[in-house]
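Okay, so here's the structure we're looking at.
Everything numeric in this text was worked out from a predicted model, so none of it was measured.
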Amino acid sequence: QVQLVESGGGLVQAGDSLSLSCAASGRVFSNLAVAWFRQAPGKEREFVAVISGSGGGTRYGDSVTGRFIISRDRAKNMVYLLLNSLKPEDTATYYCAAGAYMSVASASFTSWGQGTQVTVSS
């Protein structure tokens, strides 16, 4: 089992950028796919982005394509999510999750962090 801790959330204005980090410990993390999901109050959890274990493959949700960038540093057991051109509708708790395969489905990921809040004011 791998332990994940997100950080970097905060309160920003529309149009700003923010960088989220996901730090892993425990089981070897470098070969696992890692995804970011988000959930706003009263809404279902939404897929944001995923990166392969090698870092060579990425995929993004439709609402963030072209604005968010996922990356990883395998040596540091870190995954990052750069949020650009933020909009009020990006307000949510952001979670990182690790699993054996790249997927857009939350059920595919077995390890989850506690989440970090991102609030975008208009």
Side-chain angles (χ1 to χ4, degrees):
Q1 190 76 5
V2 62
Q3 290 76 45
L4 305 173
V5 178
E6 303 95 334
S7 61
L11 172 63
V12 296
Q13 293 186 334
D16 285 351
S17 297
L18 200 61
S19 182
L20 305 183
S21 298
C22 176
S25 61
R27 176 187 164 186
V28 174
F29 176 71
S30 60
N31 293 326
L32 300 178
V34 178
W36 287 93
F37 291 83
R38 66 186 183 186
Q39 189 166 19
K43 296 187 177 180
E44 294 187 354
R45 187 169 295 181
E46 177 188 10
F47 167 75
V48 175
V50 63
I51 189 166
S52 66
S54 68
T58 59
R59 186 172 175 179
Y60 296 90
D62 291 342
S63 61
V64 306
T65 296
R67 298 189 299 123
F68 292 8
I69 301 173
I70 189 170
S71 62
R72 72 187 300 164
D73 185 330
R74 300 179 76 213
K76 295 183 179 180
N77 276 0
M78 296 288 295
V79 171
Y80 307 98
L81 184 68
L82 177 61
L83 292 64
N84 295 315
S85 302
L86 282 161
K87 306 174 181 179
E89 50 264 44
D90 293 318
T91 295
T93 301
Y94 285 71
Y95 300 90
C96 68
Y101 306 102
M102 279 187 67
S103 174
V104 301
S106 60
S108 299
F109 296 90
T110 54
S111 298
W112 290 79
Q114 83 291 346
T116 186
Q117 177 68 36
V118 173
T119 303
V120 184
S121 63
S122 58

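- Of the inter-residue distances, the one linking Leu4 atom CG with Ser111 atom OG reads 5.5 Å to the nearest 0.5 angstrom.
- Taking 4.5 Å as the limit, every side-chain heavy atom of Gln39 sits out of range of all side-chain heavy atoms of Phe37.
- Here Leu81 contributes atom CG and Thr116 contributes atom OG1; the two are 11.0 Å apart, rounded to the nearest 0.5 Å.
- The shortest side-chain heavy-atom distance between Phe109 and Val34 does not fall under the 4.5 Å cut-off.
- Of all heavy-atom pairs spanning Val50 and Met102, the tightest one is CG1-CE, 3.6 Å.
- Here the side chains of Arg67 and Asp90 are in contact, with some heavy-atom distance below 4.5 Å.
- Taken from NZ in Lys87 to OG in Ser122, the straight-line distance is 14.0 Å, to the nearest 0.5 Å.
- Both Val120 and Ile69 sit in one connected hydrophobic cluster of ILVMFWY residues. Membership requires side-chain heavy atoms under 4.5 Å apart, directly or through other members.
- Ser17 has its side chain within reach of Asn84: a pair of non-hydrogen atoms, C-beta onward, lies under 4.5 Å apart.
- Residues Val2 and Ala24 approach most closely at CG2-CB, 3.9 Å, considering heavy atoms.
- Atom CD of Glu46 and atom OH of Tyr94 lie 7.5 Å apart (nearest 0.5 Å).
- By the 4.5 Å heavy-atom criterion applied to side chains, Arg38 and Thr91 are not counted as neighbours.
- The distance from atom CH2 of Trp112 to atom SG of Cys96, rounded to the nearest 0.5 Å, is 9.0 Å.
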task: Start with the C-alpha distance between Arg74 and Asn31, add both sets of side-chain angles, then the distance that settles side-chain contact (heavy atoms from CB on, under 4.5 Å), and finish with yes or no.
output: CA-CA 8 Å; Arg74 300 179 76 213; Asn31 293 326; 2.9 Å; yes

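- Residues Leu20 and Glu6 have side chains not in contact (no heavy-atom distance under 4.5 Å, counting atoms from C-beta outward).
- Hydrophobic clustering (side-chain heavy atoms under 4.5 Å, transitive across Ile, Leu, Val, Met, Phe, Trp, Tyr) groups Leu83 together with Trp36.
- Cluster annotation: Tyr95 and Val64 are assigned to distinct hydrophobic clusters (Ile/Leu/Val/Met/Phe/Trp/Tyr, side-chain heavy-atom contacts under 4.5 Å, transitive).
- Panel note: side chain Ser121, backbone Val12; a donor-acceptor pair is recorded below 3.5 Å.
- Between the CG atom in Leu32 and the OH atom in Tyr101 there is a gap of 11.0 Å [rounded to 0.5 Å].
- Checked by atom type and distance alone, the side chain of Arg72 never pairs as donor or acceptor with a backbone atom of Ala33 at under 3.5 Å.
- A donor-acceptor pair is defined here as one N or O able to donate and one able to accept, closer than 3.5 Å; such a pair exists between the side chain of Tyr60 and the backbone of Ile70.
- For the pair Phe68 and Leu86, the minimum side-chain heavy-atom distance is below 4.5 Å.
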